[in-house]
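To start, the structure itself, in structure tokens.
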Amino acid sequence: MKPISTAASAMPRSGIRVILDLAVQIPDAIHLEIGQPDFPTPPHIVEAAHQAMLQGFTKYTPNAGLASLREAIAVKVSRENGIPATAENIVVTTGGMGGLFSSAAAVLDPGDEVLVPDPGYPNYEMMAMLCRARAVRYPLSDLAGGFQPLLDALPGLVTPRTKAIIVNSPSNPTGSVLPAATLAALLEFAQRHDLYLISDECYEKIIFDAPHVSPAALGDDGRVLTAFSFSKTYAMTGWRVGYVVASPELARTMVKLQEATVACASSISQKAAEAALAGPQDCVAAMAQAYARRRDLVIELLRSHGLPTYTPQGAFYFLIDIGRRGVPSEPFARDLLTGQKLAVAPGSTFGPRGDRYIRISTASSEEVLREGVGRLCRFIDRLSSTTTSTSTSTST
Ligand code: PLP
């Protein structure tokens, strides 16, 4: 038999999945590794989907999505994100992932390079690999620097093959939010080097102290593709619906790609998405406030334990520094799971600069977070005392 696709087999397995597979075998394990809202989808959105099904709205839609939904999205991004748009700029996608993959596939050729954040969302590299392109990581500062892009490092990473840069704010895994000045500098960098800028704004509404800014609102000349999602904003991860805002030419290219891959986003989910946009938004604010309270709780718990901390300004993730324990993040996460029955994401899965951290998700109740962070602190204490006694015995 001929070998299976090298690109598919070379794609690394997610480190989060490895921990999850182990954790499901431990019945009373606490799960802080998974990144999805613990809230149910608001009932008016569920009801809209129910009605769509009852009315037989169960067929394919146009590849680009329902015209009415695209129009509603164009109004939303113009008004809320400051991105001037009409329906021809909008492609409804199968979640943010579908939008990010179609964006990557629309601009990348085999052998191209795409700049991705380190630490950053692992799917960016996977998507580049599926396009036979290469992800080149650009560094974010460390915990003390609030995980911001090190802008001075960017020009040195550009080669004649560099085609695009991916920017993610609010960020998974750091929770950091990029200020307007940084986004303007990234857009200017993309313009100077003639790169596409793919902006992942799937967490745009989970934002705490700083405003969310879209690079496409800062003087885009048609090179920005912005991916949004209903998944996190409305607790709709399973509905698989999102959208991309791009120039009409790029949007048309993505629509063509959708025909080849998914045809369209689910018709029922698109009806639900319409209801989400048209309906009350207090559910969005309430969820964001809950994530903010949980973030504050985690900061307090870590501080009271003397662990270094920072203030994520969005999303529902927290990187915790384990660098001083001298153990790489994957064995740390495995031992934490077996020793304390706590599942966390190893930072290495987000890139080499992530290896001194583990990521916890704050998309869990305050009670679960208290217990989970308590177990983590106990584990770190034991590890520190073992390290101290080992180094003491070695030195004597
Ligand atoms: N972008 C980031 C940074 C994410 O963390 C995720 C999901 O976890 C997505 C995009 C895509 O999510 P979805 O496809 O559910 O919209």
Side-chain angles (χ1 to χ4, degrees), residues 13-14 16-17 19-21 23-24 29-61 63 65-66 69 72-73 76 91-103 121-124 126-127 168 170 172-173 200-206 227-244 258 261-281 283-284 286-288 290-291 294 315-317 343 345 359-365 368:
R13 196 156 175 254
S14 156
I16 305 172
R17 188 53 58 182
I19 294 296
L20 180 63
D21 287 352
V24 290
I30 289 192
H31 291 267
L32 298 185
E33 80 282 34
I34 306 169
Q36 70 171 332
D38 56 326
F39 299 106
T41 304
H44 66 281
I45 300 176
V46 176
E47 182 55 25
H50 188 204
Q51 288 307 322
M53 283 188 274
L54 291 175
Q55 288 159 22
F57 202 80
T58 51
K59 308 265 184 339
Y60 293 127
T61 73
N63 297 140
L66 295 171
L69 176 57
I73 291 170
K76 177 262 174 189
V91 186
V92 181
T93 60
T94 49
M97 286 180 213
L100 288 164
F101 180 70
S102 295
S103 299
Y121 181 47
N123 294 35
Y124 302 143
M126 296 182 186
M127 289 170 189
N168 176 213
N172 174 12
D200 179 353
E201 302 180 26
C202 289
Y203 294 91
E204 59 159 341
K205 298 290 182 189
I206 305 177
F228 293 98
S229 177
F230 289 87
S231 287
K232 319 287 169 162
T233 305
Y234 298 99
M236 290 175 68
T237 45
W239 299 71
R240 311 311 303 134
V241 60
Y243 51 97
V244 171
Q258 293 220 126
T261 50
V262 291
C264 60
S266 144
S267 56
I268 301 154
S269 298
Q270 290 190 57
K271 281 290 186 192
E274 277 187 358
L277 287 180
Q281 301 299 306
C283 51
V284 177
M287 287 189 272
Y291 294 128
R294 294 165 181 185
F316 39 66
Y317 302 108
R359 187 199 72 178
I360 63 165
S361 157
T362 52
S364 295
S365 70
V368 170

Derivation and outcome, ring pair (Phe, Tyr, Trp, His ring centres under 6.0 Å), residues Tyr317 and Tyr203:
CA-CA 11 Å; Tyr317 302 108; Tyr203 294 91; 5.7 Å; yes
Q | Stepwise side chain to side chain contact (heavy atoms under 4.5 Å, CB included) test for Met287 and Thr233 | A | CA-CA 8 Å; Met287 287 189 272; Thr233 305; over 6 Å; no
Please lay out, stage by stage, how Ile34 and Ile16 fare under the test side chain to side chain contact (heavy atoms under 4.5 Å, CB included). CA-CA 8 Å; Ile34 306 169; Ile16 305 172; 5.5 Å; no
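Between Asp200 and Asn172, the closest side-chain pair of non-hydrogen atoms is not below 4.5 Å. Inter-residue side-chain proximity for Phe228 and Glu204 is flagged as met; some heavy-atom pair is nearer than 4.5 Å. Counting only heavy atoms from C-beta outward, the side chains of Ser231 and Arg240 approach each other to under 4.5 Å. For the pair Cys264 and Val92, the minimum side-chain heavy-atom distance is 4.5 Å or more. Between Phe101 and Val262, every side-chain heavy-atom pair lies at or beyond the 4.5 Å cut-off. Residues Tyr121 and Met97 have side chains in contact (heavy-atom distance under 4.5 Å, counting atoms from C-beta outward). In this structure, His31 and Ser364 have side chains that are not in contact, with every pair of non-hydrogen atoms separated by 4.5 Å or more. Side-chain atoms of Ile268 and Lys271, non-hydrogen and from C-beta on, never get closer than 4.5 Å to each other.
Listed here is the closest heavy atom pair of Ala48 and Ala275: CB-CB, 3.4 Å. Looking at every heavy atom in both residues, Gln258 comes nearest to Thr94 through OE1-N, 4.3 Å. Residue Ala227 comes nearest to Leu100 through the heavy atom pair CB-CD2, 3.7 Å, listed as atom of the first residue, atom of the second, then distance. For the pair Gly96 and Cys202, the tightest heavy-atom approach, listed with the atom from each and the gap, is CA-SG, 3.8 Å. Contact between Ala23 and Glu33 at its shortest, heavy atoms only, is CB-OE2, 4.1 Å. Closest approach of Arg359 to Gly35, counting heavy atoms only: NH2-N, 4.0 Å.
For Phe230, the ring-ring contact (aromatic ring centres under 6.0 Å, His included) partners are Tyr234, Tyr243, not counting sequence neighbours. Partners of Lys232 by salt bridge (charged side-chain N to carboxylate O under 4.0 Å, His left out), not counting sequence neighbours: none found.
Residue Glu274 holds its CD atom at 12.0 Å from CD1 of Ile45, rounded to the nearest 0.5 Å. Note that the CG atom of Asp38 and the OH atom of Tyr291 stand 5.5 Å from one another [nearest 0.5 Å].
Between the side chain of Gln270 and the backbone N or O of Ala265 there is at least one donor-acceptor pair closer than 3.5 Å. Side-chain atoms of Thr41 do not come within 3.5 Å of backbone N or O of Val46 as any donor-acceptor pair.
The number of heavy-atom neighbours closer than 6.0 Å to NE2 of His44, taken from other residues, nucleotides and ligands shown, is above 12.
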